[in-house]
Visitor: 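Here it is, the structure, as structure tokens.
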Amino acid sequence: MELIVTEKDNAARRIAEILSEGGHGVERTNGVNIYRWGDTRCIGLSGHVVGVDFPPEYSDWRNVQPVELSEASVVKTPTKENIVAALKSLARDADEAVIATDYDREGELIGKEAYELIEEETDVPIKRVRFSSITEREVRDAFANPDDLDFDLAAAGEARQIIDLMWGAALTRFLSLTAGQLGNDFISVGRVQSPTLKLIVDREREIQAFDPDDYWVIYGDLAKDDEAFEAQYFYEGEDGTENERVWNEADADAADEDLRGATSASVESVRRRTRTDDPPAPFNTTQFIRAAGSLGYSAQRAMSIAEELYTAGWITYPRTDNTVYPEDLDPEELLETFADTGAFGEDAASLLEQDDIEPTEGDEETTDHPPIHPTGEIPGRQDLGEDEWEVFELVVRRFLATCAEPATWAHLRVVATANGRSLKANGKRLVEAGYHAVYPYSSASENFVPEVEEGDDLDLSGVRLEAKETQPPRRRGQSRLIETMEQMGIGTKATRHETIQKLYDRGYIENDPPRPTGLAMAVVEAAEQFADHVTDEAMTARLEADMDAIAAGEKSLDEVTDESREMLQRVFEDLHEHREEIGDFLRTSLKADKTLGPCPECGDDLLVRRSRRGSYFVGCDGYPDCEYTLPLPSQGEPTVTDEVCAEHGLGHVKMLAGRSTFTHGCPLCKADEADQTEDRVIGTCPECGAEDGGELAIKQLRSGSRLVGCTRYPDCDYSLPLPRRGDIEVTDDRCGEHDLPELLVRDDEDDDEPWELGCPICNYAEYQERQAASAIEDLDGVGAKTAEKLAAAGIESLSDLSSADPETVAGDVQGVSADRLRDWQAEVTDTEAAD
DNA sequence: GCAAGGTC
């Protein structure tokens, strides 16, 4: 039997389709697909199926000096046990094996991992085939001319694994131990995340150090025969440059006065130009994330939707650096598949009318995957959720745009003078829409300036002077960060968005665009001072050079890792010398992040603390001498914002909880408010009203939350949640079923109609139903489509999911593996634990 | 429990 191993299931299936000429079967064992035809079996891995780690004796952080990790060995252990087991079992029956993983460095390493697993079972020959895209011709060619595995290239990848683990683990442990941050809140650093964090911190430093300058600009309205347009004052600088900003007020006032004194302006010059604006290059991952970002999707969300569209077969592989369509892609043929669809038919047809179709090309051409484009399998609108459709449409329209003509713009620049002062206007008109006709995402806004001629007299009115100040540099958004990472050469197409997410999860950044926390500022500063390699992007550049040398056979794996070990040991000399200083510095800034202000009882600092049960509260730094506390909401992770309560001098608290993040405000104000609010009885408690006379009342809690609860609390803990914001009004209408009044919620902050919350019992029941339906879709990587497939298999709520057997589900639901299901189950457990 | 890189 011949055994073929690919990097992923999708590749295994397509290779089976090609080599078997359609006549293949598939059997699913342990959640792994095995494709079979004739005497051949083909299995897809799931990327790396083994991982690197230190031997177990290094696993206790407290019993190992972090520097010892620089000399520790590194062992490989299976991480995807079901796939490893399936591979090994196939290997036992094989007469020969062929490694057909992706044609890149990581693919060679994944191939070597498979090679070693097979070798543990048998000594049959193991060959390697390489193809740059899974097309009939390339795959047949590759299998007709098998090669050997490139062990040098795989060793280059292994060097990266070892160096990343050693530096990351040793420095992460050192900083965490030194700052006393063990457990969930450890302080992590690494070759990719730390330079990325430094990028964010450096920008924040520029913003903090920014000193704004005042300047003035002057606008006026010009008109020719009632056609009005806006013009801006400018003057020539000493070096002949054109300036719009006036840097002192007296000069600005003088210019303003001159212009106000005029009622007309004379046209000095008119310049007309034609400009073309080329269609965009095909999508690589970074540019896709950027375009999705401008539609409002986070990098993580965009990739998660793309993954889903890929798994369903609507778009190609979403992780790619390539911006050049491969030769075997026939754009005309692909356009034709869209020609008779309702959504894209007209646009595709208009492109097919062009004389010839020559798609655009970007700068980067790689061999592993094509740029992201639609496959030609087209879903109906009802097959996808709203977001999925929007992203699919983006990918389709990008493809259409790359096949379209450039746009043509007519530019018209007019300069006029009045009282010796110059005014200018720049007009812009789209003459040929070109690709803009099929790609509405890039700006095609026009600016109207009428046709005027030199010497024309124009009416001048509405002269206005505006005082402004220079702005600090702007924070980079997620997609801008990913672009910058790409330019710096750190991370990969598949990991850059995950790195950003990791920084959020680790408490290093918050908000969008991300801004660094105090902890992040401190960690970057400490690393820069004492271990600057880890925040320096040059570390990656050097690693890349070393990996190239290993791949070329010029250096050995051991030479490179030994050099790296020594380098790390030198870093530790410095770290050890300044251990106390580093610890104090990190602890101080960690405390500052959690400090709200003075304790009203003793004047010491009030801090956000965590109880033994894991819930957050506000407590005094003077504990146990001072036992003052204030409660916090139970949902989310608290952070202290810059805003300070005028009455109590305490920082406002914001609760971070993903999409349901909310501002809690001053916790002392909230507690006072609750103390001053009387319970409003609205009816009888359905639990204990009949027996014990319990009543239901609207209550405001000191933690800021509101609920309808039993007056016999804590003897009876019946309760229904109420919204945090808005005034709650008890109406005279009553619910027939529960004999409770209907409630209205009025929110001062919006002028909308009040929200008819209705009977609180009915409302809560409806809320729970909605939650169950949407909760599955909130899991990482689950979209409308997958949720639908899971529902078809009987999984409609989180509790259905938790109690499901992963192997059974993997067998029932196409595109969902047992491992993936286990990930979701873990996610559900984590969220429940956090709640 | 540490990293970063595949994959889902």
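Note: hydrogens, waters and symmetry copies are ignored here, and every other heavy atom, side chains too, is used. Since this is a predicted model, take the numbers as computed values, not measurements.
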Visitor: Write down the distance between CD1 (A:Ile83) and P (B:dG6), rounded to a whole number of angstrom.
Guide: 17 Å

Visitor: Starting at atom CD1 of A:Ile110, determine the distance to atom P of B:dG5, rounded to an integer number of angstrom.
Guide: 13 Å

Visitor: Expected output is a numbered-order residue list: members of residues 173-184 of chain A with a heavy atom under 4.0 Å from any atom of DNA chain B. What is it?
Guide: A:Arg173, A:Leu182, A:Gly183

Visitor: Under 3.5 Å, is there a donor-acceptor pair between the A:Gln287 and A:Thr323 side chains?
Guide: no

Visitor: For A:Arg128 and A:Thr101, which I'm curious about, is there any donor-acceptor pair between the side chains at under 3.5 Å?
Guide: yes

Visitor: Looking for any heavy atom pair under 4.0 Å, which part of the strands does A:Val52 touch: base, sugar-phosphate only, or nothing?
Guide: base

Visitor: Specify the residue among A:Gln193 and A:Arg319 whose closest nucleotide of DNA chain B lies further upstream toward the 5′ end.
Guide: A:Gln193

Visitor: I need the CD1-P distance between A:Ile500 and B:dG5, as an integer number of Å.
Guide: 13 Å

Visitor: Looking only at the side chain of A:Ala169 (C-beta and beyond, no hydrogens), which of the listed nucleotides B:dC2, B:dA4, B:dT7 gets closest?
Guide: B:dC2

Visitor: Check the phosphate of B:dA4 against A:Thr495, side-chain N and O only, distance under 4.0 Å to OP1 or OP2. Yes or no?
Guide: no

Visitor: Regarding A:Arg506, tell me which of base, sugar-phosphate or nothing describes its non-hydrogen contacts under 4.0 Å with the strands shown.
Guide: sugar-phosphate

Visitor: Would you mind telling me which of B:dC2, B:dC8, B:dG6 lies closest to the side-chain atoms of A:Tyr310?
Guide: B:dC8

Visitor: Distance-only check: which donor-acceptor pairs under 3.5 Å involve side-chain atoms of residues 162-170 of chain A, not counting sequence neighbours?
Guide:
from: A:Asp164; atom 1: OD1; to: A:Arg191; atom 2: NE; distance (Å): 2.6
from: A:Asp164; atom 1: OD2; to: A:Arg160; atom 2: NH1; distance (Å): 3.3
from: A:Asp164; atom 1: OD2; to: A:Arg191; atom 2: NE; distance (Å): 3.4
from: A:Asp164; atom 1: OD2; to: A:Arg191; atom 2: NH2; distance (Å): 2.8
from: A:Trp167; atom 1: NE1; to: A:Ser564; atom 2: OG; distance (Å): 2.9

Visitor: In terms of side-chain heavy atoms of A:Lys80, which of B:dC2, B:dG6, B:dC8 is nearest?
Guide: B:dG6

Visitor: If you assign each of A:Asp60 and A:Thr492 to its closest nucleotide in DNA chain B, which residue comes earlier from the 5' end?
Guide: A:Asp60

Visitor: Looking at residues at least two apart in the chain, or sitting in another chain, which of them share a ring-ring contact (aromatic ring centres under 6.0 Å, His included) with A:His373?
Guide: A:Tyr325

Visitor: Send over the distance from A:Tyr317 OH to B:dC8 C1', rounded to a whole Å.
Guide: 10 Å

Visitor: Are any of A:Arg160's side-chain N or O atoms less than 4.0 Å away from OP1 or OP2 of B:dA3?
Guide: no

Visitor: Could you tell me whether the phosphate oxygens of B:dC2, OP1 or OP2, come under 4.0 Å of any side-chain nitrogen or oxygen in A:Arg62?
Guide: no

Visitor: Looking at A:Thr172, is its backbone amide N or carbonyl O close enough to the side chain of A:Ser176 to form a donor-acceptor pair, meaning the two atoms are under 3.5 Å apart?
Guide: yes

Visitor: In whole angstrom, what separates A:Met303's CE from B:dC8's P?
Guide: 11 Å

Visitor: Would A:Phe186 count as stacking on B:dG1 if stacking means ring centres less than 5.5 angstrom apart and planes tilted under 30 degrees?
Guide: no

Visitor: Has A:Gln161 got a side-chain N or O lying under 4.0 Å from the OP1 or OP2 atom of B:dA3?
Guide: no

Visitor: Calculate the interatomic distance between A:Asp505 atom CG and B:dG1 atom C1'; express it in whole Å.
Guide: 15 Å

Visitor: Using whole Å, what does the distance between atom P of nucleotide B:dG6 and atom CG of A:Leu87 come to?
Guide: 20 Å

Visitor: Among B:dA4, B:dC2, B:dG6, which is the nearest nucleotide to the side chain of A:Thr172?
Guide: B:dC2

Visitor: List in chain and number order the residues that pass salt bridge (charged side-chain N to carboxylate O under 4.0 Å, His left out) with A:Glu158, two or more places apart in sequence or in another chain; answer none if no residue qualifies.
Guide: A:Lys76, A:Lys112

Visitor: Roughly how many Å is it from CG in A:Asp164 to P in B:dC2, rounded to a whole number?
Guide: 16 Å

Visitor: For B:dG5, take OP1 and OP2 only and decide whether either is under 4.0 Å from a side-chain N or O of A:Lys493.
Guide: no

Visitor: Got a donor-acceptor pair under 3.5 Å from the side chain of A:Asp53 to the base of B:dC2?
Guide: yes

Visitor: Examine B:dC2: is either OP1 or OP2 under 4.0 Å from a nitrogen or oxygen in the side chain of A:Tyr58? Give yes or no.
Guide: no

Visitor: Mind checking ring-ring contact (aromatic ring centres under 6.0 Å, His included) for A:Phe174 and listing every partner two or more places apart, or none if nothing turns up?
Guide: A:Phe572

Visitor: Would you please confirm or rule out a distance under 4.0 Å between OP1 or OP2 of B:dA3 and any side-chain N or O of A:Ser188?
Guide: yes

Visitor: Without hydrogens or angle criteria, can the side chains of A:Gln569 and A:Ser70 be said to hold a donor-acceptor pair below 3.5 Å?
Guide: yes

Visitor: Suppose we screen for salt bridge (charged side-chain N to carboxylate O under 4.0 Å, His left out). Which residues come up paired with A:Asp562, at least two apart in sequence or across chains?
Guide: A:Arg565

